[in-house]
Amino acid sequence: MLDPKLLRSDIHKVAAELARRGAKFDVENYTALETRRKALQVRTEDLQKERNASSKSIGQAVHRGEDVEPLKAAVAALGEELKASQVELTQVQEALEAIHMGLPNILHESVPQGQSEDDNVEIRRWGEPQQRDFEPRDHVDLGAALGLLDFEVAAKIAGSRFAVMKGQVARMHRALIQFMLDTHVEEHGYTELYVPYMVNRESLTGTGQLPKFEEDLFALSGEQEYFLIPTAEVPVTNLSRGDIIEADNLPLRMVCHTPCFRSEAGSYGKDTRGMIRQHQFEKVELVHLSRPDESYAELETLTGHAESILQRLGLAYRVIVLCTGDTGFGASKTYDIEVWMPSQNKYREISSCSNCGDFQARRMQTRWRNPETGKPELLHTLNGSGVAAGRALIAVMENYQQADGSIVIPEVLRRYMGGADRIPAT
RNA sequence: GGAGAGGUGGCUGAGUGGUCGAAAGCGCUCCCCUGCUAAGGGAGUAAGGGUGUUAUAGCCCUUCGAGGGUUCGAAUCCCUCCCUCUCCGCCA
């Protein structure tokens, strides 16, 4: 959510900023609503003031033992007027609120201009895509040949966009998660968390998935309204919803492994083969809460922590900064980390690291106490995958495959796999 | 699932229709006194929003789990929901 005061004071600047990312904003409609809001709110509050004063004097008259019936009659008419004014005000405020909740974040000035993912800008590369003297197979073929990755049986028990892993592949998937958590906790100083995988509507509104992107979520049926989390960002960031955090405790750096559930509505026909795009996948998520003046430095740090996982795994990757047209709804700046996928002969997203500025914090009313002012002020929230486990698994499978179909286990994972150095071909 | 109790400010906790944004205590900040790792005295100390200002100030509205209702007036009465605690049952 953007600062309503900014919308009032400099609406044309906001419209120009939103236009950078291709978002439309009806300035005239907004201005008209805002003008009505102001008149109605001032009027309503004046009436409330009058009502309060009258009621108070009635109370005092009662204490003096006077007849208050005439006074009551006089206030009754005021009450009707107040009620009508309140109803109208609520309507206008709800209309404004709907607009506020639908507006994306303003982008950082450093975000490159562009329309789509084709305009994203590469920042750096690490590692070299391996040269092989054989044609690399993709993870689907590799997994099928090993008998350890099965999409057909997953379709039987659940449907499309699910996977079943077995044996050493299932174990490597688990090993990756363990390795990532341990690295972030032991090497990078994160606090490990375990959180609910179902959350309420308030949480999803806080981080910006709702109200605009409800079709991307799985909702549970039942008496209570629950949604399956699309990312640990939702529960973890919302832990501090409504809190005022002391400056000494910032930055907060939290790591959390969860499954993620996404309906993938609107991605029909995209990445239908294999494990790239699933309804259910595992991810290790990094969440930072930071002082506003440190959040862009925190974004670099967070991205570096995610990169370090790929470096330790020996996987070649590149970091790109998303352009204005490709940056997500709540982010002011996003780096994607893309890992080399031999079968596709290109880099594919394995992590997305974003600074959301005060966008989520305003929705959640998450603040810190600024020692300079002594006042609560909105803090900044960041999140990034560190990294997606399913995609890390297939990256390892494809990058570490041998000509005979076996898969060498990266050094750092061996301690999590009983010391094995290879998944043998069958 | 059954029975009961309860949700008040950073914390503890009073408040059952009016002068209550809310006693008291703790904590915290500042000042005084006193000196030395004790104590005493005084003052201050919620958040959100509106208006307004270069920015302050000021003024106003709202908020006692959430949402509705009754009333001139609700922390206080009524309804619905959420949550916490205790006991029983069940269970990983």
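Below, chain A is the first sequence line, B the second, and so on; all start at residue 1.
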(request) Could you name each residue pair satisfying salt bridge (Lys or Arg N to Asp or Glu O under 4.0 Å) that touches residues 410-426 of chain A, not counting sequence neighbours? (result)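 As it turns out, the salt bridge (Lys or Arg N to Asp or Glu O under 4.0 Å) pairs with a partner in residues 410-426 of chain A, which skip direct neighbours, are A/Glu411-A/Arg414.
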(request) Name all pairs fulfilling the salt bridge (Lys or Arg N to Asp or Glu O under 4.0 Å) condition that reach into residues 171-188 of chain A, sequence neighbours left out, sorted by first residue then second. (result)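 Residue pairs with at least one partner in residues 171-188 of chain A: there are none.
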Can you tell me how far [atom2] of [N] sits from [atom1] of [X], to the nearest Å?
X: A/Gln86; N: B/G69; atom1: CD; atom2: C1'; value: 14 Å
X: A/Gln60; N: B/G17; atom1: CD; atom2: C1'; value: 16 Å
X: A/Arg43; N: B/G50; atom1: CZ; atom2: C1'; value: 16 Å
X: A/Glu80; N: B/G73; atom1: CD; atom2: C1'; value: 15 Å
X: A/Leu82; N: B/C72; atom1: CG; atom2: C1'; value: 12 Å
X: A/Trp368; N: B/G10; atom1: CH2; atom2: C1'; value: 19 Å
X: A/Asn249; N: B/G10; atom1: CG; atom2: C1'; value: 13 Å
X: A/Leu89; N: B/G50; atom1: CG; atom2: C1'; value: 10 Å

(message) Applying a 4.0 Å non-hydrogen cut-off, can you work out what A/Gln224 is touching in the nucleic acid: base, sugar-phosphate, or nothing?
(response)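 If one applies the 4.0 Å heavy-atom cut-off, A/Gln224 turns out to touch the sugar-phosphate alone, with no base involved.
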[X] side-chain proximity, nearest of [options]:
X: A/Ser55; options: B/G18, B/U19, B/U62; result: B/G18
X: A/Lys49; options: B/G50, B/G18, B/C60; result: B/C60
X: A/Arg51; options: B/C61, B/G18, B/U62; result: B/U62
X: A/Lys83; options: B/U70, B/G50, B/C72; result: B/U70
X: A/His63; options: B/C61, B/U51, B/G18; result: B/G18
X: A/Val42; options: B/U62, B/C72, B/U51; result: B/U51

(message) Using heavy-atom distances to pick each residue's nearest nucleotide on RNA chain B, tell me which of A/Pro4 and A/Tyr226 is more 5'.
(response)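 Counting from the 5' end, the first nearest nucleotide belongs to A/Pro4.
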(request) Would you give the length of the straight line joining atom CG of A/Leu382 to atom CG of A/Leu302, rounded to the nearest 0.5 angstrom? (result)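 Reported value, rounded in 0.5 Å steps: 6.5 Å.
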State whether [X] places a side-chain N or O below 4.0 Å from either non-bridging phosphate oxygen (OP1 or OP2) of [N].
X: A/Lys38; N: B/G52; value: yes
X: A/Arg8; N: B/G52; value: no
X: A/Asn52; N: B/C61; value: yes

(request) Kindly say whether A/Glu215 contributes a backbone atom to a donor-acceptor pair with the side chain of A/Ser263 at under 3.5 angstrom? (result)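 A pair under 3.5 Å: yes.
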(request) Work out which heavy atom in A/Val111 is nearest to a heavy atom in A/Arg20; give both atom names and the distance. (result)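 Minimum heavy-atom contact is O-NH2, 2.5 Å.
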Protein N or O to nucleotides 45-48 of chain B N or O, pairs below 3.5 Å:
from: B/A47; atom 1: O3'; to: A/Arg367; atom 2: NH1; distance (Å): 2.5
from: B/G48; atom 1: OP1; to: A/Arg367; atom 2: NH1; distance (Å): 2.7

(request) Give RNA chain B the dot-bracket treatment, 5' to 3': Watson-Crick (N1-N3 with N6-O4 or O6-N4) or G-U (N1-O2, O6-N3) under 3.5 Å, [ ] crossing, | other strand. (result) ((((((((.[[[..)..(.....]]]((((((.......))))))((((((......)))))).[[[[[..)....]]]]])))))))....
(message) I want to know whether A/Phe359 and A/Phe329 have ring centres closer than 6.0 Å.
(response)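 Yes, the ring of A/Phe359 comes within the 6.0 Å limit of the ring of A/Phe329, centre to centre.
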(message) Show me the pairs that pass side-chain hydrogen bond (donor to acceptor under 3.5 Å, both in side chains) and involve residues 80-90 of chain A, at least two apart or across chains.
(response)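 Matches after skipping sequence neighbours: A/Arg36-A/Glu88, A/Arg43-A/Glu81, A/Thr44-A/Ser85.
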(message) Ring-plane angle category for A/His288 and A/His305, please: parallel below 30°, perpendicular beyond 60°, tilted otherwise.
(response)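 Ring orientation of A/His288 relative to A/His305: tilted.
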(request) Give me the ring orientation class for A/His100 and A/Tyr30: parallel if the planes are under 30° apart, tilted from 30 to 60°, perpendicular past 60°. (result)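 Ring orientation of A/His100 relative to A/Tyr30: tilted.
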(message) Taking B/C59 as the reference, what is the distance to B/U84 when you measure between their P atoms (whole Å, please)?
(response)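 B/U84 and B/C59 have their P atoms separated by 42 Å.
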(request) With side-chain contact (heavy atoms from CB on, under 4.5 Å) as the test, would you mind laying out the steps for A/Val75 and A/Ile58 before giving the verdict? (result) CA-CA 10 Å; A/Val75 187; A/Ile58 289 177; 4.0 Å; yes
Extract from the structure each pairing of a protein N or O with an N or O of nucleotides 26-31 of chain B at less than 3.5 Å, listing the distance.
none

